[in-house]
Amino acid sequence: MSSERPPPRGGGGEGSPAPAQLLVLSAPSGAGKTTLARLFVERTPGAFFSVSATTRAPRGRERDGVDYHFLSPERFQALVDQGDFAEWAEVHGRRYGTLRATVEETRRMGGVAVFDIDVQGGAQIQARWPSDAVTVLILPPTPAELERRLRGRSTDSDEAIRGRLAAARSEVAAGAARYDYVIMNERLEDALARLEAISRAERAHRGGGGDAGDAAAAASCRRSRVDLSAWLG
Ligand code: ADP
Ligand code: 5GP
């Protein structure tokens, strides 16, 4: 089981590797995180997805080694025992984990690793690698809009949708307490532009220089600057 990734490009200048960034994206299910993450990786040189391991079964057209490493509970436990996970968590009764090799390789080679993981896992990455991790909570503008997107996606039963809406509020409260940034995914293009600005501004901050527009856009997404009353009120 290995992590496949393109060679890092850009951001570091000739001969020097691009600085590593562990870009953690968390969101309640249906917020648009997968859509955003896919577009971000397509458009960002040197960015790649971290492929997590999970004990859940593949859904639809998901492929082993591409969407997830699909493991038996016994194999997952063996990796836990060997210390092969950077973080792992139980979500909706199944286990999910990020391979330590993915984080270590990114820190060695540079580039942007994008993690689609829950807030429990994101908090662990943030605590272990505080200078490389950038944590971003993605939210639809309101819980009602989340419900509309979940229903529009037509992949979940009524009962599953109710469960996801209840889980969303606790995920938001946990993320709002510790994540660096919050992006309201109202218009997809705006949300993507903000995510790109955050990633560039954070890399520039570490490497020196940077664009004032990116810095301002990123600052406006700092969690203390975003109105979360629709979610937490
Ligand atoms: P997640 O990965 O967070 O569960 P998805 O990326 O599957 O969410 O998005 C959930 C649904 O919402 C999809 O049908 C997607 O096309 C739609 N969606 C994503 N972003 C937006 C947006 N900004 N406005 C309207 N619909 C969106
Ligand atoms: P799904 O089963 O819908 O693909 O994912 C369910 C949840 O598990 C999502 O919130 C997703 O972000 C989270 N998840 C996926 N991979 C990981 C992982 O490696 N670690 C953690 N902590 N959560 C993960």
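Each ligand, and each atom within it, is numbered from 1 in the order the structure gives.
- Here the side chains of T98 and W88 are not in contact, with every heavy-atom distance at 4.5 Å or above.
- The closest protein non-hydrogen atom to atom 12 (O) of ligand 2 is D116 OD1, 2.9 Å.
- Taking all heavy atoms of W88, Y68, F85 into account, the minimum distance to atom 15 (C) of ligand 2 is reached by Y68.
- If you take CG on L195 and OH on Y181, they are separated by 11.0 Å, rounding to the nearest 0.5 Å.
- Heavy-atom neighbours of E186 CD from other residues, nucleotides or ligands within 6.0 Å: at or below the threshold of 12.
- Taking the charged nitrogens against the carboxylate oxygens, R56 and E62 do have a contact shorter than 4.0 Å, which makes a salt bridge.
- Note that CG of L137 is 11.5 Å distant from CG of N185, once rounded to the nearest 0.5 Å.
- R164 places no side-chain N or O within 3.5 Å of a backbone atom of P28 that could act as its donor or acceptor partner.
- Counting only heavy atoms of the protein, atom 6 (C) of ligand 2 lies nearest to Y96 OH, 3.6 Å.
- Residue contacts with ligand 1 include A31, since one of its heavy atoms falls under 4.0 Å from the ligand.
- Rounded to the nearest 0.5 Å, atoms OG1 (T102) and CZ (F48) are 6.5 Å apart.
- Protein heavy atom closest to atom 7 (O) of ligand 1, with residue, atom name and distance, is R153 NH1, 3.1 Å.
- No salt bridge links R162 with E159; every basic N to acidic carboxylate O contact stays at or beyond 4.0 Å.
- Which parts of ligand 2 touch R56 is read off a 4.0 Å heavy-atom cut-off, strictly below it: atoms 1 (P), 2 (O), 4 (O).
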Between D180 and R223, is a salt bridge (charged side-chain N to carboxylate O under 4.0 Å, His left out) present by the stated rule, with each step listed? CA-CA 6 Å; D180 302 317; R223 76 162 190 248; 5.8 Å; no
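- Given atom 2 (O) of ligand 1, the protein heavy atom at minimum distance is T34 OG1, 2.3 Å.
- Contact annotation for E90 and ligand 2: no heavy atom of the residue comes within less than 4.0 Å of the ligand.
- Close approach of ligand 1 to S29 (heavy-atom distance below 4.0 Å) involves ligand atoms 4 (O).
- Among protein heavy atoms, the minimum distance from atom 9 (O) of ligand 1 is reached at G32 CA, 3.5 Å.
- Regarding atom 1 (P) of ligand 1, its nearest protein heavy-atom neighbour is G30 N, 3.5 Å.
- For E196 and R203, the salt-bridge test fails: no basic side-chain N is under 4.0 Å from an acidic carboxylate O.
- Side-chain atoms of T55 come within 3.5 Å of backbone atoms of R95 as a donor-acceptor pair (strictly under, hydrogens ignored).
- When the heavy atoms of D118, T98, D67 are ranked by distance to atom 21 (C) of ligand 2, first place goes to D118.
- The two atoms that bring T106 and A20 nearest to each other are O-CB, 3.3 Å, heavy atoms only.
- Considering only non-hydrogen protein atoms, atom 15 (C) of ligand 1 sits nearest to T35 OG1, 3.9 Å.
- Ranked by closest heavy atom to atom 7 (C) of ligand 2, the top entry among L25, V24, V91 is V91.
- Between R149, R151, R164, it is R149 that holds the heavy atom closest to atom 12 (O) of ligand 1.
- Minimum interatomic distance between Q126 and A133 (heavy atoms only, all atoms of both residues): CA-CB, 3.9 Å.
- For the ligand labelled ligand 2, residue G97 lies inside the 4.0 Å heavy-atom shell.
- What sits closest to atom 3 (O) of ligand 2 on the protein, heavy atoms only, is R59 NH2, 2.9 Å.
- Checked against a 3.5 angstrom limit, the closest N/O atoms of N185 and ligand 1 fall inside it.
- The ligand atoms of ligand 1 that sit less than 4.0 angstrom from a heavy atom of E186 are 22 (C), 23 (N), 24 (N).
- For ligand 2, none of its N or O atoms has an N or O atom of R164 under 3.5 Å away.
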Check against salt bridge (charged side-chain N to carboxylate O under 4.0 Å, His left out), E42 and R38: CA-CA 6 Å; E42 269 171 31; R38 190 174 299 132; 5.7 Å; no
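- Residue contact annotation: A191 has no non-hydrogen atom under 4.0 Å from ligand 1.
- Here atom 16 (N) of ligand 2 lies nearest to S52 when heavy atoms of S52, S29, A89, G121 are compared.
- Ranking the protein heavy atoms by distance from atom 20 (N) of ligand 2 puts E87 OE2, 2.7 Å first.
- Less than 4.0 angstrom separates some heavy atom of L188 from each of these atoms of ligand 1: 20 (N), 23 (N).
- At the top of the distance list for atom 9 (C) of ligand 2, counting protein heavy atoms only, stands K33 NZ, 4.1 Å.
- For Y68, the ring pair (Phe, Tyr, Trp, His ring centres under 6.0 Å) partners two or more places apart in sequence, or in a different chain, are F70, Y96.
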